[in-house]
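A short worksheet on the structure shown next.
Predicted, not measured: the structure shown is a model, and the values here were computed from it. In listed order, ligands and their atoms are each counted from 1.
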Amino acid sequence: MRGVVMFAPGDVRVVDREDPEIVEPTDAIIRLTATCICGSDLWPYRGIEPAEHTLMGHEYVGVVEEIGADVHTLKVGDFVVGSFCISDNTCEICRSGFQSRCVHGSFVAAAIGTQSEFARIPYADGTLVATPTMPEPELIPSLLAASDVLGTGWFAADAAAAGPGKTIAVVGDGAVGLMGVLAAKQLGAERIIAMSRHPERQALAREFGATDIVETRGDEGAAAIKDLTNGLGAHGVIEAVGTQESMMQAINSTCPGGHVGYVGVAHDGVTLPADQLFFAEVHLLGGPAPVRRFLPDLIDRIWKRSIDPGKVFDLTLPLDRAPDGYRAMDERRAVKTLLTL
Ligand SMILES: [Zn+2]
């Protein structure tokens with residue numbers, strides 16, 4: 001089969017990979033219908049994370065081709081959406097809603113690599129969710145978004161305690177930040193402040209529900225949020241970048257007693273000063289999103305066409321042109337690239 005491999009930073013190629021096979025009785029093999037490039041794929045692309053013959057891709061939708069003997073909730077021919085985290089969905093951690101930290105969990109990235117024609121999905125019953133029937137083609141981008149970027153934005157909005165009457169600020173105007181805006185709106189937030197200095201991303205943020213735009217960042221950005229909220233800070237802040245500046249911007253933009261939902265992948269060197277945290281007096285919850293918790297609800301909203309997160313894809317290319325998709329996102333010419341098969 002064809003699949004995307006990153007040989008070294010900046011060097012992605014579509015190469016022949018071995019076809020996956022059932023290994024464990026709880027596995028399923030899916031044929032990908034669509035996949036995409038994640039903002040987090042840019043970390044190795046830019047040399048910030050190691051890349052050495054790395055299998056790429058962790059977002060996926062597709063059709064079940066084959067199931068192991070111990071798969072019970074899915075059948076061959078089902079259209080499925082899966083999380084970027086493998087989970088059994090039965091252990092104590094999964095049942096508490098943190099499937100991204102399942103005791104049998106692993107990451108789809110690198111180990112599986114779903115920028116490919118086929119993928120072996122472990123713990124298929126716990127990881128994959130089937131749609132009611134075969135989706136209309138126009139729903140595919142939105143269902144694909146649910147696999148990570150929407151699910152991650154949703155988790156962040158949930159962790160930021162978005163809800164009726166709340167003011168939510170969003171740090172980061174990448175795909176996850178934009179999905180955080182959409183999620184906050186869906187969860188009933190009254191006011192949503194998107195922090196972005198890019199006109200086209202501001203427009204998309206407004207389309208997804210942003211009521212205010214702040215163009216400054218860092219301490220200046222946090223001060224601008226306080227100016228908009230009677231000097232108090234937002235009730236909840238979504239952090240969708242993962243840098244020192246963005247984390248502190250999020251914490252400093254939050255009102256005392258408020259909530260920060262952080263989902264930007266943090267890297268080495270990001271540290272939180274305990275003295276500032278102590279006096280900030282905010283709730284912090286984040287990490288790899290337990291997308292599986294939200295998938296049934298997200299699929300339902302997409303199926304009813306009450307949300308259209310697929311709009312976050314502004315570039316669509318065939319899998320064979322994946323290197324062009326990486327380049328476009330690296331140069332910020334594209335928010336998010338969908339790869340067709
Ligand atoms: Zn589990």
Checklist entry - Rounded to 10°, how big is the angle at the Zn ion (ligand 1) from C91 SG to C94 SG? => result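 About 110°, to the nearest ten degrees.
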Next on the checklist: Suppose you place the vertex at the Zn ion (ligand 1); what is the angle out to C102 SG and D88 OD1, to 10°?
Outcome noted: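 Centred on the Zn ion (ligand 1), the SG/OD1 angle is 90° (to 10°).
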Checklist entry - Is there an N/O/S atom in E92 that lies less than 2.8 Å from the Zn ion (ligand 1)? => result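 Short answer: no, not a single N, O or S atom is under the cut-off.
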Checklist entry - Between R13 and F7, is NZ or CZ placed under 6.0 angstrom from the six-membered ring centre and within 45° of the ring axis? => result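 Pair R13/F7 counts as cation-pi.
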Item to check | Pairs touching residues 188-197 that satisfy salt bridge (Lys or Arg N to Asp or Glu O under 4.0 Å), sequence neighbours left out | outcome: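 The answer is R191-D212.
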Checklist entry - Does K336 pair with E59 as a salt bridge, N-O distance under 4.0 Å? => result yes
Item to check | V263 and V176, any side-chain heavy atoms less than 4.5 Å apart | outcome: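 The answer is yes; the side chains approach within 4.5 Å.
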